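Below, read A as the first sequence line, B as the second, and so on, with proteins coming before strands; counting in each chain starts at 1. Owing to the predicted nature of the structure, the values given are computational and were not obtained by experimental measurement.
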Number of protein chains: 2
Amino acid sequence: MSTIERTLALVGDRWTILVLRAAFRGIHRFDDFCADLGIGRPILTARLRKLVAAGLMERVPYQHHPPRYEYRLTPKGTALSPAIVALVRWGDENMSTTPPTTRLVHAPCGTELEQGFWCKTCAVRFGPTAIRGVPDAAQA
Amino acid sequence: MSTIERTLALVGDRWTILVLRAAFRGIHRFDDFCADLGIGRPILTARLRKLVAAGLMERVPYQHHPPRYEYRLTPKGTALSPAIVALVRWGDENMSTTPPTTRLVHAPCGTELEQGFWCKTCAVRFGPTAIRGVPDAAQA
DNA sequence: CAGACTAAGTTCTGTTTTGATACTTACTTT
DNA sequence: AAAGTAAGTATCAAAACAGAACTTAGTCTG
């Protein structure tokens, strides 16, 4: 099983990306995920467990008396944000029936962000058509 | 159902992204998809139909005598590549057990690409932590 | 201090989706 | 004439999903 196959076995379903995106938006508690996403409780349980096991989220106690836990993104989970942002943006541009209600902006200045590829040798930004896949010679 | 939910209803499963990625890699025919991905034929049939119906791929005849068709990405399908690249790269960095066999490079110069967000006002590249979602006032 | 409430799940049950294997159809090649 | 090829379809068991109700442990309200 290749890396991308393992990646999709983890995040490739209708809910996992939505759960991660909710976490990005500041949702951290079980019932809040349920309410925000309309996800069924058993499925949410399974997804959260999978994400915790994979190290994308962690289950942290936020109160002890009745022990309660919330779910927070780890750096590994946060690192998935370019993929999620790309998906959201593609959706807004290609799948929306109504104008998007939220814009993603550069926090310091409020300008809508652009996403792209960068070549540090040429110091240029470029699009998908200038990508090539090459076999990596640096193998053990 | 929100835009992102509709987006994931379309591409959020274990196979659809893999099919699109195979198409990026130059695979276009039914049996080649099967062999390359190890996907079951009934599932491939369903995925290709869904992708054609959604306008991400098109079914084009490549020979007439026994009528044969192949599947090619449309611009709408190609537009999904930033998301696919982001997923592949996240996988390579976070899910790989062996070093990746393929590097994605800037075609003109061969340098490995970087992916990021860009603010055209500040003219800077930035990472996920500098993103904010703001309600869009420009509604009808 | 009884009753209702809360958060984070679990149980149960029926419906969809998968995944594997085999079969079909219409040609082409040996 | 027999075998091969490409693009599917058919069948069926196993797994995943979805919804509703139930559980558990503790807290708040009258």
Side-chain angles (χ1 to χ4, degrees), chain A residues 1-2 4-23 25-54 56-73, chain B residues 1-2 4-23 25-54 56-73:
Chain A
M1 204 186 199
S2 70
I4 179 69
E5 283 174 296
R6 258 176 300 113
T7 301
L8 286 166
L10 176 62
V11 303
D13 70 281
R14 278 179 60 122
W15 289 114
T16 301
I17 295 284
L18 254 23
V19 169
L20 292 169
R21 176 167 163 271
R25 302 203 332 271
I27 289 168
H28 300 294
R29 298 185 185 175
F30 194 93
D31 281 12
D32 292 340
F33 281 111
C34 279
D36 186 80
L37 301 174
I39 185 175
R41 296 169 155 274
I43 304 121
L44 178 60
T45 301
R47 289 301 170 278
L48 289 174
R49 252 199 253 289
K50 200 167 160 181
L51 288 170
V52 169
L56 303 212
M57 299 190 89
E58 53 187 352
R59 184 167 179 267
V60 301
Y62 67 87
Q63 101 182 8
H64 290 281
H65 272 306
R68 290 292 140 82
Y69 299 89
E70 59 182 18
Y71 295 87
R72 294 195 164 268
L73 291 165
Chain B
M1 204 184 200
S2 71
I4 180 67
E5 283 174 298
R6 259 176 300 113
T7 301
L8 286 167
L10 176 62
V11 305
D13 71 282
R14 277 179 60 120
W15 289 114
T16 301
I17 295 284
L18 254 23
V19 169
L20 292 168
R21 175 165 163 272
R25 303 205 328 272
I27 289 168
H28 300 294
R29 298 187 185 174
F30 194 92
D31 281 11
D32 293 340
F33 281 111
C34 281
D36 185 80
L37 301 175
I39 185 176
R41 297 170 152 275
I43 303 120
L44 177 60
T45 302
R47 289 300 172 280
L48 290 173
R49 250 199 255 290
K50 201 166 158 181
L51 287 169
V52 169
L56 304 213
M57 300 191 88
E58 52 187 353
R59 185 168 177 265
V60 301
Y62 68 87
Q63 101 181 8
H64 290 281
H65 273 306
R68 290 291 139 83
Y69 299 88
E70 60 182 19
Y71 294 86
R72 293 194 164 269
L73 290 165

Next on the checklist: What verdict does the side-chain contact (heavy atoms from CB on, under 4.5 Å) test give for Asp13(A) and Arg47(A), after you've listed the backbone C-alpha separation in whole Å, the side-chain angles of each residue and the deciding distance to 0.1 Å?
Outcome noted: CA-CA 10 Å; Asp13(A) 70 281; Arg47(A) 289 301 170 278; 2.8 Å; yes
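- Of the candidate nucleotides dG8(D), dA18(D), dC27(C), dA18(D) has the atom lying nearest to any side-chain atom of Ile43(A).
- Position along DNA chain C of the nearest nucleotide to Gln63(B) versus Gly38(B) favours Gly38(B) as the more 5'-ward residue.
- Annotation: the span from Phe30(B) atom CZ to Thr45(B) atom OG1 amounts to 3.5 Å, rounded to 0.5 Å.
- Residue-to-nucleotide proximity on DNA chain D shows that, of Asp32(B) and Ala46(A), the 5′-proximal contact is made by Asp32(B).
- Listed nucleotides dA18(D), dG26(D), dG8(D) differ in distance to Trp15(A); the shortest reach to its side chain belongs to dA18(D).
- In this structure, Arg29(A) is positioned above the aromatic face of Tyr62(A), its NZ or CZ under 6.0 Å from the six-membered ring centre and within 45° of the axis.
- Note: NE2 (His28(B)) to C1' (dA7(D)) measures 17 Å, nearest angstrom.
- Here dA6(D) presents its P atom at 7 Å from OH of Tyr62(B), a figure rounded to the nearest Å.
- Using a 4.0 Å cut-off between a side-chain N of Lys or Arg and a carboxylate O of Asp or Glu, Glu70(B) and Arg72(B) qualify as a salt bridge.
- Closest contact between the side chain of Pro66(A) and the listed nucleotides dT28(C), dG26(D), dA18(D) involves dG26(D).
- Looking at Arg59(A) and Tyr71(A), their side chains do bring a donor and an acceptor atom within 3.5 Å of each other.
- Nucleotide dA18(D) holds its C1' atom 13 Å from the CE atom of Met1(B), rounded to whole Å.
- Heavy atoms of Arg29(B) sit under 4.0 angstrom from primed sugar atoms or phosphate atoms, though from no base atom.
- Rounded to an integer number of Å, the gap from CG of Leu8(A) to C1' of dT18(C) is 16 Å.
- Residue Phe30(A) has its side chain nearest to dA8(C) when only dA8(C), dT28(C), dA6(D) are considered.
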Checklist entry - Under the side-chain contact (heavy atoms from CB on, under 4.5 Å) criterion, do Ile4(A) and Arg21(B) qualify, and how do the steps go? => result CA-CA 10 Å; Ile4(A) 179 69; Arg21(B) 175 165 163 272; 3.3 Å; yes
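- Of the listed nucleotides (dT9(D), dA18(D), dT10(C)), dT9(D) has the atom at the smallest distance from the side chain of Arg41(B).
- When distances are taken from the side chain of Pro42(B) to each of dT18(C), dA20(C), dT10(C), the shortest belongs to dA20(C).
- Look at CG on Leu48(A): it is 11 Å from C1' on dG9(C), rounded to the nearest Å.
- Distance, Lys50(B) NZ to dT16(C) C1': 12 Å, rounded to whole Å.
- Among the nucleotides dT28(C), dG9(C), dA18(D), the one closest to any side-chain atom of Tyr71(A) is dG9(C).
- Across all strands, Phe33(B) comes closer than 4.0 Å to no nucleic acid atom at all (heavy-atom distances).
- Taking 3.5 Å as the limit, the base of dA8(C) and the side chain of Arg68(A) contain no donor-acceptor pair of atoms between them.
- Considering only side-chain N and O atoms, Arg47(A) lies nowhere under 4.0 angstrom from the phosphate OP1 or OP2 of dA16(D).
- Per the geometry, CZ belonging to Arg49(A) stands 8 Å off C1' belonging to dG9(C), to the nearest Å.
- One interatomic measurement links the two molecules: CG of Leu44(A) to C1' of dG9(C), which rounds to 10 Å at whole-angstrom precision.
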